[in-house]
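Single-structure report; data block below.
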Amino acid sequence: MRNLFTIVVLLMVISASSTINAKDYLVANQKQYFEVSKNLKPGDIITLADGVWNNFEITLSAKGTADKPITLTAETAGKVIISGQSNLRIGGHHLIVSGLVFRDGYSPTGEVISFRRSKDDLAYNSRITEIVIDHFSKPDRFDNDYWVGIYGQNNRFDHNNLVGKTNKGVTLAVRLNSADSRENNHKIDHNYFGPRPALGSNGGETLRIGTSKFAQYNSNTIVENNYFDRCDGEVEIISSKSGGNILRGNIFFESSGTLTLRHGDNNLVERNIFLGNGKDHTGGIRVINKGQTVRHNYMEGLRGSGFASALTVMNGVPNSPVNRYVQVSDAKIIGNSVYDSDFITLAGGADAERSAPPIDSVMSGNLISAGDAGPVFRIQDDINGIAFSGNARIGAAHANHPDGIKTIKAKLVRAKNGLLYPRKSKFSKYGVPRDLKPITKEEVGASWYPKPAKANKFADGSPISISPSEGVVEKAISNAKGGDVITLGNGEYVVSKTMTIDKPITLKGSGQTKILFDRPSLFEIAEGGSLRLENLTIDGELAPDSVGNALIRTTSYPIQSNFLIEMERVQISNLSVNKFFDVIKLGKSTFADHVIIRDSQFKDISGSIILGASETEDYGQYNVEYADIQDSSFENIGGPIVNLYRGGRDESTFGPHFDLKNSKLVNVGLDKNNDSKSAIVLHGAQYSKILDNQFIASAPILVNHTVGRPQTRIAGNKFIATPKVNIAELNYEGEQRVILSDNVYEEGEKK
């Protein structure tokens with residue numbers, strides 16, 4: 001007994017001694033940090049002093065224990081700013097990092113945060129929590145990196161904010177490229193994945209687990225209770241490319257794309273909530289491979305189609321290699337609810353290569369709202385390999401509804417959890433369970449860091465009024481703040497400088513306002529800039545004869561952030577001194593979310609109105625997501641009014657989109673320098689509507705379909721002395737994929 005007492009006392013002394021020996025270091029500069037980080041012991045804490053730490057490549061390699069981890073933290077959470085060319089790499093055991101903000105810079109390497117110090121020094125049983133990465137993107141949008149790379153095993157990434165990635169590369173990637181990183185049991189939870197704008201290229205996933213090269217391995221990663229807020233990078237929001245993963249309890253809010261089971265088998269997707277609120281391309285879950293279980297997921301207000309439908313079960317490639325499309329087999333799609341959503345796609349993507357339909361699969365207990373609230377079933381191949389039983393729909397069925405979906409008379413009511421359920425409990429066997437508890441934005445991320453709200457770029461500033469005088473426009477724009485509205489009084493303004501637009505600015509006329517300019521360009525869109533022009537007359541008669549003239553151009557170097565260009569009630573003329581004088585010219589590595597033209601007139605212009613054709617390498621990249629023209633006129637335009645280019649055969653993005661409505665084109669596209677010989681050029685556009693326009697003595701419309709399932713509708717137009725539409729299917733052998741209806745062709749005298 002006495003010996004036992006001695007042993008207990010000895011252990012207590014050793015434990016107390018160990019605790020006493022642990023140190024808490026407050027460091028004020030990088031030299032101090034690297035000095036104390038050399039010999040860390042279990043229980044040690046390094047605290048970074050509040051302030052800005054510039055060009056700080058942080059490494060932490062040490063061995064803590066489960067009860068005495070080694071910690072790197074901020075003196076005050078949120079007040080340690082890691083800026084410039086900086087990153088964080090950790091390796092070892094039982095490490096914790098918290099409280100840091102990465103902002104105003106970018107990583108000089110391929111990752112901002114890495115759960116490995118080197119390829120031989122991975123992290124195990126470690127945690128990164130309450131870290132913020134805010135717009136910490138590389139300057140060139142096509143310069144690839146990850147914001148977070150998770151390696152090793154048994155690591156946790158939780159309560160972090162990842163907001164505003166604009167360059168190519170996955171926001172968070174779980175890596176399986178070594179044996180020690182497989183079957184890793186990582187946990188990714190309670191994170192806020194903030195807005196990620198459309199990339200205009202493949203490589204814009206928000207979260208990826210594995211890659212096709214290692215798809216045969218299990219990752220066993222749990223992704224739960226995260227909030228994906230307006231994550232629009234590409235068609236795959238989450239891309240699971242490994243096996244054994246659990247994706248549970250996540251919210252997808254107004255995010256274009258889907259949770260995609262791209263590679264790997266035996267994954268579980270359950271109790272996730274997809275809220276589209278009617279936004280374009282918002283989707284749900286896409287199923288590929290073997291043994292996938294999709295149960296108790298809620299989808300509402302989704303507007304995606306094809307690969308981005310509320311639910312997509314893909315066709316596969318016979319004997320597929322792992323990097324293509326393995327045939328769906330043994331899928332269990334059970335107890336999901338799909339309301340007010342446009343499409344469910346079965347045997348999706350069927351073509352000459354993807355010719356293996358789903359087999360040995362089940363859809364049961366699902367509840368859908370039909371009728372005007374959708375969804376429409378799109379069945380693209382044989383679905384006899386999917387057994388339908390015990391499913392229900394509310395409302396009349398659309399065409400193509402499979403057998404095995406029972407019509408019920410039920411009224412949906414919104415429960416306390418914010419979700420819709422049938423009012424009567426007898427229908428509770430259909431759809432999601434009533435105990436779902438959607439995670440809120442307040443419950444995720446770092447509680448001390450604000451989450452971005454929706455904003456109108458052109459509505460948050462102050463009014464500024466100016467009158468004609470030398471240099472007044474240039475000065476007003478230079479001094480303006482983001483969102484300001486500059487109103488120009490009546491009169492003539494001569495601008496002698498190309499004005500840099502590096503914030504959202506509105507330039508508004510007063511009814512008789514005219515701007516002339518004597519530089520090759522009037523406006524240059526730079527990082528952070530967006531431009532709205534309203535009620536103005538702009539005349540190019542003073543512009544010099546210079547190669548590459550453009551009324552609005554982007555900078556010669558890449559622009560990180562997406563931008564907007566809007567014109568309403570604008571008259572633009574005399575851009576003709578040079579043979580390629582464009583109105584809007586978008587350069588390489590730049591991307592416009594929207595270019596919008598309303599109720600405007602364009603006359604005597606030698607180039608194009610919207611030139612978005614600089615990404616010609618055929619990598620699936622393009623310059624503008626939405627080009628939208630309505631109620632406008634174009635006369636004597638030498639080039640095509642719109643020239644959009646998306647090359648290659650990648651299927652990871654949604655655009656470009658093009659709309660032309662209620663407009664008039666006279667003598668457009670006929671200049672001898674217009675190599676396209678067309679009035680409109682759409683190469684690789686995915687969604688095009690040309691409706692109720694007049695084409696008079698103009699070149700034809702040219703549409704080149706290159707990839708995906710393009711949707712082109714040309715209807716209600718009047719063509720006078722104008723050739724018929726030219727449609728080319730470049731990678732497709734079937735009938736032309738275009739709707740041509742109610743167009744009228746009349747002969748007339750060409751000018």
Side-chain angles (χ1 to χ4, degrees), residues 205 228 231-240 247 250 252-262 269 272-289 292 294-295 297-316 325 328 331 333-351 354 357-358 361 363 366-383 386 388 391 393 395 397-402 405 431-432 651-655 657 686-687 707-711 737:
E205 304 100 322
F228 295 85
C231 295
D232 301 335
E234 61 147 273
V235 73
E236 296 179 11
I237 304 166
I238 293 180
S239 182
S240 179
L247 303 112
N250 303 287
F252 297 83
F253 180 80
E254 295 184 7
S255 293
S256 297
T258 64
L259 186 166
T260 301
L261 301 174
R262 185 63 184 88
V269 181
N272 300 285
I273 296 170
F274 300 81
L275 303 174
N277 291 333
K279 178 180 169 182
D280 281 0
H281 307 303
T282 47
I285 300 166
R286 183 156 63 117
V287 180
I288 311 165
N289 282 77
Q292 316 288 28
V294 176
R295 68 188 181 199
N297 299 282
Y298 182 95
M299 298 89 155
E300 183 182 353
L302 305 179
R303 295 293 174 261
S305 62
F307 289 3
S309 299
L311 177 65
T312 303
V313 181
M314 290 289 291
N315 252 32
Y325 287 85
V328 173
I333 301 170
I334 301 169
N336 303 286
S337 296
V338 183
Y339 304 138
D340 183 25
S341 297
D342 284 356
F343 295 104
I344 292 174
T345 299
L346 304 178
D351 58 18
R354 290 182 295 233
S361 295
M363 290 185 69
N366 301 288
L367 177 62
I368 65 173
S369 63
D372 293 338
V376 173
F377 276 81
R378 283 187 170 169
I379 300 173
Q380 298 176 348
D381 203 345
D382 179 13
I383 58 168
I386 303 175
F388 292 85
N391 302 289
R393 63 171 169 254
H398 289 283
N400 297 327
H401 268 56
I405 301 179
V432 298
E651 298 176 290
S652 300
T653 46
F654 294 112
H657 306 70
Q686 297 298 292
Y687 298 87
V707 69
R709 295 178 181 267
Q711 299 179 27
R737 295 170 292 180

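The structure displayed is predicted, hence computed values, not measured ones.
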Any side-chain heavy atom of [X] within less than 4.5 Å of one from [Y]?
X: Ile273; Y: Met299; value: no
X: Leu367; Y: Val338; value: no
X: Phe343; Y: Leu311; value: no
X: Glu236; Y: Ile238; value: no
X: Ile368; Y: His401; value: yes
X: Gln711; Y: Gln686; value: no
X: Asn289; Y: Tyr325; value: no
X: Pro358; Y: Leu346; value: no

I'd like to know if the side chain of [X] and the backbone of [Y] have a donor-acceptor N/O pair within less than 3.5 Å.
X: Asn336; Y: Val294; answer: yes
X: Asn391; Y: Asn366; answer: yes
X: Thr258; Y: Ala308; answer: no
X: Asn315; Y: Gly349; answer: no
X: Thr282; Y: Arg303; answer: yes
X: Thr312; Y: Gly306; answer: yes

At what distance, to the nearest 0.5 angstrom, does [atom1] of [X] lie from [atom2] of [Y]?
X: Leu275; Y: Asp340; atom1: CG; atom2: CG; value: 11.0 Å
X: Leu259; Y: Leu247; atom1: CG; atom2: CG; value: 5.0 Å
X: Ser337; Y: Tyr298; atom1: OG; atom2: OH; value: 7.0 Å
X: Phe274; Y: Ser255; atom1: CZ; atom2: OG; value: 9.5 Å
X: Asp351; Y: Gln380; atom1: CG; atom2: CD; value: 9.5 Å
X: Phe252; Y: Asn272; atom1: CZ; atom2: CG; value: 5.5 Å

- Query: Can the positive tip of Arg709 be found less than 6.0 Å from the middle of the six-membered ring of Phe307, inside 45° of the ring normal?
  - Reply: no
- Query: What do the steps show when you test Glu300 against Asn277 for side-chain contact (heavy atoms from CB on, under 4.5 Å), and what is the final call?
  - Reply: CA-CA 7 Å; Glu300 183 182 353; Asn277 291 333; over 6 Å; no
What closest approach, in Å, do [X] and [Y] show between heavy atoms, and which atom pair accounts for it?
X: Met314; Y: Val328; result: O-CG2, 3.4 Å
X: Gly395; Y: Arg393; result: O-CD, 3.7 Å
X: Phe377; Y: Ile405; result: CZ-CD1, 3.6 Å
X: Glu651; Y: Val235; result: O-CG1, 4.0 Å
X: Gly284; Y: Leu302; result: N-CD1, 3.9 Å
X: Ala331; Y: Ser361; result: N-OG, 3.0 Å

- Task: Over 60° means perpendicular and under 30° means parallel, so classify the ring planes of Tyr687 and His281, tilted if in between.
- Result: tilted
- Message: With no hydrogens and no angle check, just 3.5 Å: does a side-chain donor-acceptor pair link Thr345 and Ser309?
- Response: yes
- Task: Output yes when Asp342 and Arg378 qualify as a salt bridge under the 4.0 Å nitrogen-oxygen rule, no when they do not.
- Result: no
- Message: Can you pull out every salt bridge (Lys or Arg N to Asp or Glu O under 4.0 Å) where at least one residue sits in residues 276-285? Sequence neighbours excluded, please.
- Response: Asp232-Lys279
- Task: Taking salt bridge (charged side-chain N to carboxylate O under 4.0 Å, His left out) as the test, write out the residues that go with Glu234, two or more places apart.
- Result: none
